[in-house]
S.K.: 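Below are the structure tokens for one structure; questions will follow.
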Amino acid sequence: MGKLVLLGGGYGNMRVMLRLLPNNLPLDTEIVLVDRAPFHSLKTEFYALAAGTSTDKEIRVSFPEHERLTAVYGEAVEINRAEKVVILEDGQRIEYDDLVIGLGCEDKYHGVPGAEEYTYSIQTMAKSRATFQALCGLPAGSTVGIVGAGLSGIELASELRESRADLKVKLFDRGSRILKDFPEKLSKYVKDWFTKHNVDVIANSNITKVEPGKIFNHEEEIPLDAVVWTAGVQPVKLVREMDVEKDRQGRPIVTQYFNVLDDEHVYVVGDCASSDFSPSAQLAEEQAEHIVKVLRMRWKGEHLPEKMPDIKLKGFMGSLGKKQGFAYLADTTVTGRIARLMKSGLLWMYKYQND
Ligand SMILES: Cc1cc2nc3c(=O)[nH]c(=O)nc-3n(C[C@H](O)[C@H](O)[C@H](O)COP(=O)(O)OP(=O)(O)OC[C@H]3O[C@@H](n4cnc5c(N)ncnc54)[C@H](O)[C@@H]3O)c2cc1C
């Protein structure tokens, strides 16, 4: 029996299972899913877990069940391509015929001293829980710094504002205006929300050092009771250490069929894979659609198209607390309650489709 191993049950590999399991998996093939967690984690909602506005259970989805799917829960520590095996921390060896690596990403600290040691994170469920404990346990009137005003930083700052009205929240933005790569209308809407809700957005920031109880923006020392880092990501260490050709960010370079350059049985999906697009759940799912097509053709011995279709993304959506939001879809900016409802609707649909 052929064995497809899915390493990581994130957005990318969930989509692979969603497409293959109903009736697209050849009868002589089985799937083994490996994840450290016994459920699919809705990473796009980790900001709400950290802010204390969503419970743990609300942001989990069960993995699918199927007679030819085996789930193995454990920490993967090595991918040995020569022996075609994935090795887990407890010594288990999981052999594969085809492998899809979808292990996601972790924080990147850009060499800022103290950042890794003294900041909280929302990159894994366990870290988001620890961030929740820290933020929601702060005494009244404390000050929280959030470093990085991308989508996750914005969502965390606004959600925390709604969760703890007594806290002072400072959002450090490297850019001259928030979401500076998007239309000014969108930036203005988000900035106005922060002004109205008393979140201090500090533009043109450059955090140079973090120490217990303080950070340094350029040379200025700023006292803070807790700091959350949302200022960059990189693939997980296991993937960064793989013996394959990688891009400057440590992500394996993949062909248009999403396999690594020298091995057509090892695919990479999602945040781990080199791409011209910014990492997103949407991108991971689109890449997974392509991988499923390629796998099915290769299993049937068919010729692959000379040119795979381009990946097309729809845009993005973000929340500002539970009532307001923003979206940039098909070059159109949507703001306010409608954008928030759209985002909630998408989450509901995702859970409905997958759980
Ligand atoms: C706060 C926040 C908000 C976001 N909002 C959006 C949004 O609105 N829209 C959007 O499109 N994207 C958003 N993103 C980005 C999105 O979450 C990621 O791009 C997406 O999760 C990537 O999917 P993936 O399949 O690559 O990996 P992930 O979904 O990260 O899954 C990786 C899986 O691998 C497992 N794993 C990792 N290492 C190991 C190991 N060593 N052993 C075993 N298992 C392991 C993890 O448990 C996890 O299940 C957001 C991210 C954050 C942090």
Side-chain angles (χ1 to χ4, degrees), residues 5-17 33-51 54 59-61 63 71-79 86-90 92 94 100-107 121-128 131 146 148 150-160 228-233 235-241 251 258 267-273 275 277-288 291 313-319 325-329 339-340 342-344 346-347 350 354:
V5 171
L6 304 180
L7 194 49
Y11 290 85
N13 275 333
M14 279 297 276
R15 180 59 65 93
V16 171
M17 287 187 279
L33 165 71
V34 179
D35 202 293
R36 60 163 71 105
F39 45 78
H40 167 53
S41 312
L42 300 179
K43 187 169 186 178
T44 61
E45 304 305 305
F46 283 1
Y47 67 92
L49 181 63
S54 280
I59 61 164
R60 292 184 218 143
V61 167
F63 286 128
V72 178
Y73 302 125
E75 186 77 20
V77 290
E78 192 189 332
I79 300 164
V86 172
I87 299 161
L88 304 194
E89 200 173 37
D90 64 4
Q92 275 190 81
I94 298 171
V100 185
I101 302 167
L103 293 172
C105 64
E106 59 188 35
D107 292 294
S121 164
I122 54 171
Q123 282 303 329
T124 67
M125 196 132 177
K127 286 180 178 170
S128 303
T131 305
I146 297 167
L151 189 58
S152 49
I154 290 173
E155 293 191 316
L156 177 64
S158 51
E159 201 79 7
L160 187 60
V228 187
W229 191 265
T230 59
V233 292
V236 294
K237 191 159 169 261
L238 174 56
V239 171
R240 293 204 307 278
E241 288 176 349
R251 302 175 301 185
F258 289 96
Y267 301 79
V268 192
V269 71
D271 291 357
C272 290
S275 171
F277 294 101
S278 302
S280 72
Q282 199 189 144
L283 176 63
E285 290 176 338
E286 283 305 305
Q287 292 169 334
I291 290 172
L313 300 180
K314 295 178 188 75
F316 74 93
M317 294 180 200
S319 61
F326 53 93
Y328 188 64
L329 301 167
R340 187 63 179 98
M342 282 160 60
K343 188 173 153 106
S344 305
L346 193 73
L347 178 63
Y350 186 84
N354 287 284

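The first residue in the sequence is number 1, and the count goes up from there. Counting starts at 1 for both ligands and their atoms, following the listed order.
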S.K.: Touching ligand 1 at all, G102? Heavy atoms, strictly under 4.0 Å?
M.R.: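 Yes; G102 lies near enough to ligand 1 that a heavy-atom distance drops under 4.0 Å.
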S.K.: Residues two or more places apart in sequence or in another chain: which of them pass side chain to side chain donor-acceptor pair (under 3.5 Å) with E106?
M.R.: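 For E106 the side chain to side chain donor-acceptor pair (under 3.5 Å) partners, ignoring immediate neighbours, are R240.
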S.K.: Indicate yes or no: at least one non-hydrogen side-chain atom of I122 is less than 4.5 angstrom from one of S152.
M.R.: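 Yes, at least one pair of side-chain atoms sits under 4.5 Å.
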S.K.: Using a 4.0 Å cut-off to any heavy atom of G12, which atoms of ligand 1 qualify?
M.R.: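 Ligand 1 atoms under the 4.0 Å threshold to G12: 25 (O).
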S.K.: With atoms numbered from 1 as shown, which atoms in ligand 1 lie under 4.0 angstrom from a non-hydrogen atom of I122?
M.R.: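 Those of ligand 1 that fall under 4.0 Å from I122 are 1 (C), 53 (C).
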S.K.: Any idea which of D271, V34, L103 brings a heavy atom closest to atom 45 (C) of ligand 1?
M.R.: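 Minimum heavy-atom distance to atom 45 (C) of ligand 1 goes to L103.
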S.K.: With backbone taken as N, CA, C and O and side chain as the heavy atoms from C-beta onward, which portion of A37 lies under 4.0 Å from ligand 1: side chain, backbone, both, or neither?
M.R.: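 For A37, no heavy atom sits under 4.0 Å from ligand 1.
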S.K.: Is the shortest distance from a heavy atom of A273 to ligand 1 less than 4.0 Å?
M.R.: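 It does not, in that no heavy atom of A273 comes within the 4.0 Å cut-off of ligand 1.
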S.K.: Which residue, L7, L103, D271, forms the side chain to side chain contact (heavy atoms under 4.5 Å, CB included) with V239?
M.R.: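 Of the listed options, the one satisfying the test is L103.
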S.K.: Any non-hydrogen side-chain atom of F326 less than 4.5 Å from a side-chain atom of M342?
M.R.: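 The answer is no; the side chains never approach within 4.5 Å.
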S.K.: Under 4.0 Å, heavy-atom basis, I'd like to know which part of T124 is in contact with ligand 1: side chain, backbone, both or neither.
M.R.: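 Near ligand 1, T124 shows nothing, with every heavy atom at 4.0 Å or more.
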S.K.: Specify side chain, backbone, both or neither for M317, according to which of its non-hydrogen atoms lie closer than 4.0 Å to ligand 1.
M.R.: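 For M317, only backbone atoms sit under 4.0 Å from ligand 1.
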S.K.: When you measure from the side chain of S121 to the backbone of Q123, do you find a donor-acceptor pair of N or O atoms at a distance under 3.5 Å?
M.R.: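 Indeed, once roles are kept as given, a pair shorter than 3.5 Å links the two residues.
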